[in-house]
Every structure is written in structure tokens, then in C-alpha cells.
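Quick caveat: nothing in here was measured; it's all calculated off a predicted structure.
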Amino acid sequence: MEKKKNVVFVCVGTPKIVGDSLGPLVGEELRKRNVNAYVYGTRRRPITALNLHGYRKMLNTYHRGDIVVAIDATMGNLEDVGKLKVVEGGLRPAGAFRKNAGRLGDIGIMAIVGEREGDMLLQLKTADPAFIRRLADDVVDLLISVDY
């Protein structure tokens, strides 16, 4: 019999920037709800560009063959702001800033928090905390609605 794969949620972002705090908010809420999955990335222990490489190594060592779901805030088209996008093949953390961080995860969940125009860092810094919280709650609702 084949070993059941674990589900691993990797919640990327920093609580230091409102618009980028979505991942840690999701991670914190998933932990509060005691989901039947591994959860990495919370407000106390965020996953950011500074420690992403270490998390990649850890995932490769301890979660090889598991299903890794990467969750992050992103910038997009104006008409998509406030939407969630689920994609196969994971996602690219910091992709809006064209950093070549490589793909993370098997599945990516992106919450579009601002428009990919103008000063994106300023948009992230001045995002409405209530808007980001609502999007984080939407992600959590989506994740707990799936039977895994």
C-alpha cells in the first residue's frame, strides 16, 4: 500500500508590511484551527526572502513526495484585485518584484492584494489591513473546505 501523502502549507510573507502579511495571517489561522496538515509561516515565524532558501532545503529533506501548497500575496491586474488564484506548479515568491526566487510548491494560492502598476512596494505598505484580513480569511475558508 502506498504511503499517504501529507499536505504542507507554506505561507509566505512578512507581518512587517501590511499587504505582504497575508501569508503569515493564513498560517496563524490554520494553526489555530488545528488543520490536519503541516503549516509553516506565521507572524512569529514568517517565511521571507531572507529565509526562503532554508525552508526550501527543509521541505526537500522532510517533505519530499508530500503535497506542498504555497500561499502568498501578489500583485495583479486592477480587475483581479481581491481575487484568489489557484495554480498548479506552485508560485514564485517575490515574483511581482522580478526576483528570481524559483518556484515553490506543487500548488500555488495567490491572493491579489494590489495592482501591478506604479509603486508596488508603496501599495503593499499602505494596504488596508481589514482588506488583507478578509482575503486571508477567504484563503483559510478555501483551504479548510478541501478534504485532504
Please name the residue in the list V7, L30, V35, D138 that meets the side chain to side chain contact (heavy atoms under 4.5 Å, CB included) test with L143. L30
With ILVMFWY side chains joined below 4.5 Å, transitively, what does L50's cluster contain besides itself? none
Measure the CZ-CZ distance between R45 and R31 for me, rounded to the nearest 0.5 Å. 8.0 Å
Among all residues two or more places apart in sequence or in another chain, which pass the ring pair (Phe, Tyr, Trp, His ring centres under 6.0 Å) test with Y55? none
Sorted by chain and residue number, the side chain to side chain contact (heavy atoms under 4.5 Å, CB included) partners of V87 (sequence neighbours excluded) come out as M110
Summary of side-chain hydrogen bond (donor to acceptor under 3.5 Å, both in side chains) pairs that have at least one residue in residues 125-137, sequence neighbours excluded: none
Looking only at heavy atoms, which two atoms of A111 and L135 are closest? And how far apart? CB-CD1, 4.3 Å
Just wondering, do L124 and M120 contact through their side chains at under 4.5 Å, heavy atoms? no
Between side-chain atoms of residues 11-29 and protein atoms elsewhere (two or more places apart, or another chain), which donor-acceptor pairs fall under 3.5 Å?
residue: T14; atom: OG1; partner: K16; partner atom: N; Å: 3.1
residue: D20; atom: OD2; partner: T14; partner atom: N; Å: 3.3
residue: S21; atom: OG; partner: V18; partner atom: O; Å: 2.6
residue: E28; atom: OE1; partner: R43; partner atom: N; Å: 3.1
residue: E28; atom: OE2; partner: R43; partner atom: NE; Å: 2.8
residue: E28; atom: OE2; partner: R43; partner atom: NH2; Å: 2.7
residue: E29; atom: OE2; partner: R33; partner atom: NE; Å: 3.0

Going by side chain to side chain contact (heavy atoms under 4.5 Å, CB included), name the residues that satisfy it together with D119, two or more places apart in sequence or in a different chain. L121, L122
So CZ of R116 and OG1 of T74: to nearest 0.5 Å the spacing works out to 6.0 Å
For K83, salt bridge (charged side-chain N to carboxylate O under 4.0 Å, His left out) partners two or more places apart: D80
Are M75 and L91 grouped together when hydrophobic residues (ILVMFWY) are joined by side-chain heavy atoms under 4.5 angstrom apart? no
Contacts of N34 meeting side chain to side chain donor-acceptor pair (under 3.5 Å) (sequence neighbours excluded), chain-then-number -> none
Is the number of heavy atoms from other residues, nucleotides or ligands under 6.0 Å of E88 CD greater than 12? no
Under the side chain to side chain donor-acceptor pair (under 3.5 Å) test, which residues partner K32, sequence neighbours left out? none
Taking the side chain as C-beta and beyond, is there a heavy-atom pair between F131 and V81 under 4.5 Å? yes
For V68, the option from V8, I107, N60 that meets side chain to side chain contact (heavy atoms under 4.5 Å, CB included): V8
Distance, nearest 0.5 Å, that separates CD1 of I71 from CZ of F9: 6.0 Å
Check whether any side-chain heavy atom of L59 sits under 4.5 Å from a side-chain heavy atom of L104, and report yes or no. yes
Looking at residues at least two apart in the chain, or sitting in another chain, which of them share a ring pair (Phe, Tyr, Trp, His ring centres under 6.0 Å) with Y38? H63
When rounded to the nearest 0.5 angstrom, what is the spacing between CD in E115 and CD in E79? 8.5 Å
With Q123 via side chain to side chain donor-acceptor pair (under 3.5 Å) - residues at least two apart: none
